[in-house]
Amino acid sequence: MINKIRFGTDGWRAIFAEDYTFENVRFCAQGVADYLKDSGRSAGPLVVGYDTRFASEHFAAAVAEVTAANGIKTLLCERTAPTPVISYSVVQQEAAGAVIITSSHNPPIWNGVKYKPEYGGSASPQVIAELEERIDRAQSSGHVPRLPLNEALRDGIVTYFAPEPIYLSHIANLVDLERLRGAGFHIVADAMYGAGMGCFKSILGGGKTVVTEINGERNPLFPGLESPEPIARNLTGLMRAVRKHKAHIGLATDGDSDRIGVVDENGQYVNQLQAFALLALYVLEIRGWRGALVKSINTTSMINRLGELYSVPVFETAVGFKHVGLKMMEEKAIIAGEESGGFAFKDHIPERDGILAGLYILDMMIELGCTPSQLVEYLFSKVGPRYYDRIDTGFPAEKRDNILRHLREAHLSKIAGLAVTDVQTIDGFKFFLEDGSWLLIRFSGTEPIMRIYAEAGSPSLLSDILRYGQQLIGL
């Protein structure tokens, strides 16, 4: 029986040697080639990039061999590159799209394929459906044409490509890099062994600012990390390094650098919801931008409060940048974000960019003359204190339907002693409470786990709400 390839919140991901094989990656490549031909974009070019995971460069070469055999001009990245850098090159090169070999934040036994259409963001649900249909067709036929890479390079159908220079030139137009280089910050950058290794050093080096990098080499095992996801449990090394070096801030990028993690000057984690609210406050108050704010269902209500304070609309979507980015384009939003630490900004691409997000946080520190912890205090003075956490838990596959049925039939009136005022089901089950707190329970779109999220006005209430969520699903 053929296991059909299906895209989650952002791309297809699978475990090495089970479903993630060269054969299946070639089926994905053929599906992309057929999609481009059917939509009249087969003249290309198509950008193909990859991250630092095991054999990613070889899987990228396999993609290029298939697209070349289909007559599609292909720009193959000459080395590992961050996803936002590759995505921006799609727009700058007026390319048909990009295929990126990455599994983002997943554990080391995973890899994946992301597809970025001509606008340089995550593929929309419609594009995903069309890709999956054509990938299914390729799987059913079992035949995929290939042109050996050396022949494709010789014939000029495939050419090596360096996307970083055009990205860096663009970033320099969005934020004053010379001012950041001259700020005298000591920054600890955690590349998490991913594609962002060396990025902050190369961008901010050459002035008074000093960047100390950790986990800045390629290691597909991600030693010492559960996974290259920039959340608290994976950033203990960064927290120690910030304290050791008495640094002003710690910045972490995930496996493909489309997400950011922030550690304050005391070595304390600034959670991803606080980071999103800080960035929204930055573009509204410091940059003076006005326009819509877009957020996924699993992120902070602080965005809604900022929308009220600055008289701008707020739109909420299902989880995944295939929804968030699409809404950002539709509403011409000034910022969009999700709970995982991925944020997008106007005048850039409708795609998460952990590198640019980190630079904007540094610029905010300069503009307000604040340390990261003081930035959080300033944010709370505007919107009130908010605390957040998430619990990830595995579950027996056979219990999925029972868990869903139980949540649908729960009809809760109170959670942790607070009245339930509304229930939202656009992605999972989100329970809104009378004091503005909330609880969300949903299945991950990229891993076989259940996620329990909560935000509350105090740490103790947050713990009570999360504990209730665990009891509710019986895991």
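Index from 1, following the sequence.
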Should [X] and [Y] count as side-chain neighbours, where that means a heavy-atom distance under 4.5 Å?
| X | Y | value |
| --- | --- | --- |
| Ile187 | Leu362 | yes |
| Leu472 | Leu412 | yes |
| Phe429 | Leu439 | no |
| Tyr269 | Leu235 | yes |
| Trp12 | Asn24 | yes |
| Arg179 | Ile366 | yes |
| Asp389 | Leu466 | yes |
| Thr425 | Lys430 | no |

Please check if the side chain of [X] supplies one atom and the backbone of [Y] the other of a donor-acceptor pair under 3.5 Å.
| X | Y | result |
| --- | --- | --- |
| Ser42 | Asp38 | no |
| Ser103 | Asn106 | no |
| Thr9 | Gly320 | no |

Taking atom types as modelled, is there a side-chain donor on [X] or [Y] under 3.5 Å from an acceptor on the other?
| X | Y | result |
| --- | --- | --- |
| Thr80 | Thr52 | no |
| Asn215 | Tyr193 | yes |
| Asn111 | Arg53 | no |
| Glu338 | Ser340 | yes |
| Asp254 | Ser104 | yes |
| Glu308 | Asn304 | no |
| Ser296 | Glu316 | no |
| Glu285 | Tyr378 | yes |

Should the ring pair [X] and [Y] be called parallel, tilted or perpendicular, given that the plane angle runs from 0 to 90° and is split at 30 and 60?
| X | Y | value |
| --- | --- | --- |
| Phe16 | Tyr20 | perpendicular |
| Tyr282 | Tyr360 | tilted |
| Tyr115 | Tyr35 | perpendicular |

Exercise for review: Decide whether a cation-pi geometry holds between Arg290 and Tyr310; the criteria are a distance under 6.0 Å from NZ or CZ to the six-membered ring centre and an angle within 45° of the ring axis.
Suggested key: no

Practice item. Check step by step if side chain to side chain contact (heavy atoms under 4.5 Å, CB included) holds for Leu309 and Arg305. Key: CA-CA 6 Å; Leu309 290 173; Arg305 180 59 183 145; 3.4 Å; yes

Point to revise | Over all atoms of both residues, closest heavy-atom pair of Ala456 and Ile465 | key: CB-CD1, 4.0 Å

Check your understanding: Which heavy atom of Ile5 sits nearest a heavy atom of Gln139, and at what distance?
Key -> N-OE1, 3.6 Å

Practice item. Would you sort out whether Asp258 and Arg352 count as a salt bridge (Lys or Arg N to Asp or Glu O under 4.0 Å), showing the intermediate values? Key: CA-CA 5 Å; Asp258 61 0; Arg352 296 161 295 194; 3.3 Å; yes

Would you give the length of the straight line joining atom [atom1] of [X] to atom [atom2] of [Y], rounded to the nearest 0.5 angstrom?
| X | Y | atom1 | atom2 | result |
| --- | --- | --- | --- | --- |
| Met329 | Tyr119 | CE | OH | 4.5 Å |
| Ile303 | Leu293 | CD1 | CG | 6.0 Å |
| Asp427 | Ile297 | CG | CD1 | 6.0 Å |

Point to revise | Verdict with reasoning, Asp136 to Arg134, per salt bridge (Lys or Arg N to Asp or Glu O under 4.0 Å) | key: CA-CA 5 Å; Asp136 287 350; Arg134 289 159 178 81; over 6 Å; no

Check your understanding: Is Gln374 atom CD crowded by more than 12 heavy atoms from other residues, nucleotides or ligands, each under 6.0 Å away?
Key -> yes

Practice item. Assess whether atom CD of Glu94 is packed by more than 12 heavy atoms of other residues, nucleotides or ligands within 6.0 Å. Key: no

Practice item. Applying side chain to side chain contact (heavy atoms under 4.5 Å, CB included), run through Phe222 and Ser227 and close with a yes or a no. Key: CA-CA 7 Å; Phe222 308 118; Ser227 64; over 6 Å; no

Check your understanding: Are Ile391 and Arg451 close enough, and set up right, to give a side chain to side chain contact (heavy atoms under 4.5 Å, CB included), and what steps lead you there?
Key -> CA-CA 6 Å; Ile391 296 173; Arg451 302 195 195 277; over 6 Å; no

Practice item. Start with the C-alpha gap between Glu455 and Arg390, add the side-chain angles, then the distance that decides, and say whether salt bridge (Lys or Arg N to Asp or Glu O under 4.0 Å) holds. Key: CA-CA 9 Å; Glu455 186 179 48; Arg390 181 184 92 195; over 6 Å; no

Check your understanding: With respect to Asp51, which candidate in Pro220, Ser56, Pro82 satisfies the side chain to side chain contact (heavy atoms under 4.5 Å, CB included) definition?
Key -> Ser56

Review point. Asp256 and Lys114: salt bridge (Lys or Arg N to Asp or Glu O under 4.0 Å), yes or no, with the steps?
Key: CA-CA 11 Å; Asp256 67 336; Lys114 290 184 178 182; 2.8 Å; yes

Check your understanding: For the rings on Phe59 and Tyr50, is their centre-to-centre separation under 6.0 Å?
Key -> no

Practice item. Output, in order, the C-alpha distance, side-chain angles, deciding distance and verdict of side chain to side chain contact (heavy atoms under 4.5 Å, CB included) for Gln92 and His170. Key: CA-CA 9 Å; Gln92 195 276 339; His170 171 64; over 6 Å; no

